[in-house]
Amino acid sequence: MDKTLQEPMTMPDPQFPIKVHRCDYEGRGQVLFNHHWHEHLEFLYFVTGEASLECGSSTFTAKEGDVIVINRNELHYGVSLSDHLQYYVLIADFSLLQSHSLDAPEMKFITPITQNRLLFHNRISGDDILSSMLSIVSELERQEFGYELAIKSELYRLLTLLLRGYVATVLTQDEYVERMKNVERFAPIFKYIEDHYREDLSVEQLSAMAGLSRYHFSRLFKEISGRTVTEYVNETRLNRADYLLRESPLTVSEIAAATGFNDIYYFSRTFKKYKRMAPSALRKK
């Protein structure tokens with residue numbers, strides 16, 4: 001795994017590795033987090049607003065009331081789609097639930113999760129899931145006597161709900177190794193696109209960076225990101241253009257040039273296709 005994209009993960013209490021924080025963002029198009037990964041399971045609960053999220057090969061919109069699971073070692077990225085966005089982040093190291101003895105729950109459930117061989121769907125729902133997560137948030141914020149026991153109990157409950165309704169994939173050891181190898185190979189590519197989206201980026205250039213043929217690179221890129229290279233680069237540029245249209249005094253032509261579009265007409269057509277609105281109409285709003 002590419003260590004440059006690994007998020008350093010410190011815990012307030014290393015002996016009890018779980019934390020929660022509230023995030024507030026003003027302004028549509030704000031990047032919530034750049035591409036990164038970490039070795040902890042992460043839960044996002046959206047209180048107000050909407051966001052576009054990438055988790056592995058999935059891209060989707062998270063709305064008010066949604067709960068999102070981000071698997072261990074899963075590349076993820078987020079952009080605000082609202083003028084005001086608020087969500088909670090709950091990050092837990094599920095080694096917290098490991099037993100000292102190798103019992104049945106440990107072998108069947110906890111170990112596959114900590115080894116990243118049991119993966120969950122990203123979008124989850126249901127009052128039970130939300131209730132469990134909010135209970136953990138509340139216990140962490142209040143820290144009343146015995147809160148550690150209450151949180152550990154709720155984590156087991158949350159894990160049970162996920163296992164019963166939201167298991168996406170159970171990987172063999174060989175499949176896991178292959179998955180991690182591909183993620184490791186492509187992590188620098190996503191970072192390069194993030195840093196150089198203003199420049200001309202060709203499939204040939206990017207595939208050479210990954211040490212793959214154009215065909216093999218394109219196939220794996222779509223498998224990992226869910227989009228073609230052109231679609232992915234355009235989305236990266238347009239998300240930045242969306243933010244600049246709302247927050248900067250630059251003209252539409254200047255914004256097109258600043259985000260890598262040399263042709264203002266192509267920029268306008270592409271923006272309207274992806275954002276369902278002309279750049280000029282967004283500027284007026």
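Every heavy atom of this structure was used, including side-chain atoms; hydrogens, water molecules and symmetry mates were not.
- Side-chain contact, Thr160 with Arg164: no donor N or O sits under 3.5 Å from an acceptor N or O.
- Scanning for side-chain hydrogen bond (donor to acceptor under 3.5 Å, both in side chains) contacts around Glu64 gives an empty result, with sequence neighbours left out.
- With contacts defined as side-chain heavy-atom distances shorter than 4.5 Å, the pair Glu74/Asn122 qualifies.
- Atom CG of Asp127 sits in a sparse spot, with 12 or fewer heavy atoms from other residues, nucleotides or ligands closer than 6.0 Å.
- Here CD of Glu231 is found 6.5 Å from NZ of Lys273. Values are rounded to the nearest 0.5 Å.
- Each of Phe60 and Val31 belongs to its own hydrophobic cluster when Ile, Leu, Val, Met, Phe, Trp and Tyr are linked at side-chain heavy-atom distances under 4.5 angstrom.
- Between the side chain of Asp263 and the backbone N or O of Tyr266 there is at least one donor-acceptor pair closer than 3.5 Å.
- Judged purely by distance below 3.5 Å, without hydrogens or angles, the side chains of His36 and His76 pair a donor atom with an acceptor atom.
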Go through the steps to decide whether Tyr243 and Ser80 satisfy the test side chain to side chain contact (heavy atoms under 4.5 Å, CB included), and finish with yes or no. CA-CA 9 Å; Tyr243 174 74; Ser80 173; over 6 Å; no

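- Atom CG of Asp200 sits in a sparse spot, with 12 or fewer heavy atoms from other residues, nucleotides or ligands closer than 6.0 Å.
- Leu212 approaches His216 most closely through the heavy-atom pair CD2-CD2, 3.3 Å.
- For the pair Leu118 and Val167, the minimum side-chain heavy-atom distance is below 4.5 Å.
- Between the side chain of Asn71 and the backbone N or O of Phe120, at least one donor-acceptor pair lies under 3.5 Å.
- Residues Trp37 and Ile70 are not in side-chain contact: their nearest non-hydrogen atoms beyond the backbone lie 4.5 Å or more apart.
- A donor-acceptor pair under 3.5 Å links the side-chain atoms of Ser218 to the main chain of Arg214, judged by distance alone.
- Evaluated for a side chain to side chain contact (heavy atoms under 4.5 Å, CB included) with Ile129, the options Tyr166, Phe43, Tyr45 yield exactly one hit, Tyr166.
- Residues Ile136 and Val67 fall within the same hydrophobic cluster, defined by Ile, Leu, Val, Met, Phe, Trp and Tyr side chains chained together at heavy-atom separations under 4.5 Å.
- If you take CG on Leu75 and NE2 on His38, they are separated by 10.5 Å, rounding to the nearest 0.5 Å.
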Determine, step by step, whether Ile124 and Leu161 satisfy the side chain to side chain contact (heavy atoms under 4.5 Å, CB included) criterion, reporting the C-alpha distance in whole Å, the side-chain angles of both residues, the deciding distance to 0.1 Å, and the verdict. CA-CA 10 Å; Ile124 58 178; Leu161 293 169; over 6 Å; no

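- There is no path of hydrophobic side-chain contacts, each under 4.5 Å, that joins Tyr197 to Val229.
- Taking the six-membered ring for Trp and thresholds of 30 and 60 degrees, Phe267 and Phe261 have ring planes inclined between 30 and 60 degrees apart.
- In this structure, Lys191 does not pair ionically with Glu194, as no charged nitrogen and carboxylate oxygen lie closer than 4.0 Å.
- Between the side chain of Ser132 and the main chain of Glu154, a donor-acceptor pair closer than 3.5 Å is present.
- The two residues Thr59 and Glu54 have their closest heavy-atom pair at OG1-CG, 3.7 Å.
- Val69 and Tyr77 fall into different hydrophobic clusters, defined by Ile, Leu, Val, Met, Phe, Trp and Tyr side-chain heavy atoms under 4.5 Å apart, directly or through other members.
- A donor-acceptor contact shorter than 3.5 Å links the side chain of Arg123 to the backbone of Thr61.
- One hydrophobic cluster holds both Leu140 and Leu41 under the rule that ILVMFWY side chains link at heavy-atom gaps under 4.5 Å.
- The structure places SG of Cys55 at 12.0 Å from CG of Leu119, a figure rounded to the nearest 0.5 Å.
- Rounding to the nearest 0.5 angstrom, the gap separating the OG atom in Ser213 from the CZ atom in Arg219 is 9.0 Å.
- Arg72 contributes a side-chain N or O that, together with a main-chain N or O of Glu39, makes up a donor-acceptor pair within less than 3.5 Å.
- When atom types are taken as modelled, the side chain of Thr236 and the backbone of Tyr232 share a donor-acceptor pair closer than 3.5 angstrom.
- Between Tyr88 atom OH and Leu134 atom CG the span is 8.5 Å, to the nearest 0.5 Å.
- Using cut-offs of 30° and 60° for the angle between ring planes, the Phe190 and Phe221 rings count as tilted.
- Between the CG atom of Leu44 and the CG atom of Leu32 there is a distance of 9.0 Å, given to the nearest 0.5 Å.
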Please test Leu155 against Ile18 for side chain to side chain contact (heavy atoms under 4.5 Å, CB included), starting from the C-alpha separation and ending with a verdict. CA-CA 10 Å; Leu155 282 174; Ile18 183 170; 4.0 Å; yes

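- Two residues are said to be in side-chain contact when any heavy atoms from C-beta on lie closer than 4.5 Å; Ile255 and Ser248 meet this criterion.
- Side chains of Ser82 and Glu50: a donor-acceptor N/O pair is absent below 3.5 angstrom, by distance only.
- Between Leu201 and Arg237, the shortest heavy-atom distance links the atoms N-NH2, 4.3 Å.
- Cys23 approaches His21 most closely through the heavy-atom pair SG-CD2, 3.6 Å.
- Checking side-chain atoms of Ser268 against main-chain N and O of Ile264 turns up a donor-acceptor pair under 3.5 Å.
- For Leu250 against Glu254, the heavy-atom pair with the smallest separation is CA-OE1, 3.4 Å.
- Minimum interatomic distance between His40 and Ala92 (heavy atoms only, all atoms of both residues): CB-O, 3.6 Å.
- The main-chain N or O of Leu81 is found under 3.5 Å from a side-chain atom of Arg28 such that the two form a donor-acceptor pair.
- Using a 4.5 Å heavy-atom cutoff, the side chains of Val137 and Arg22 are not in contact.
- Judged by distance alone, with hydrogens and angles left aside, the side-chain atoms of Asn239 form a donor-acceptor pair with the main-chain N or O of Glu235 at under 3.5 Å.
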Could you walk me through whether His35 and Ile193 pass side chain to side chain contact (heavy atoms under 4.5 Å, CB included), step by step? CA-CA 10 Å; His35 284 99; Ile193 293 172; over 6 Å; no

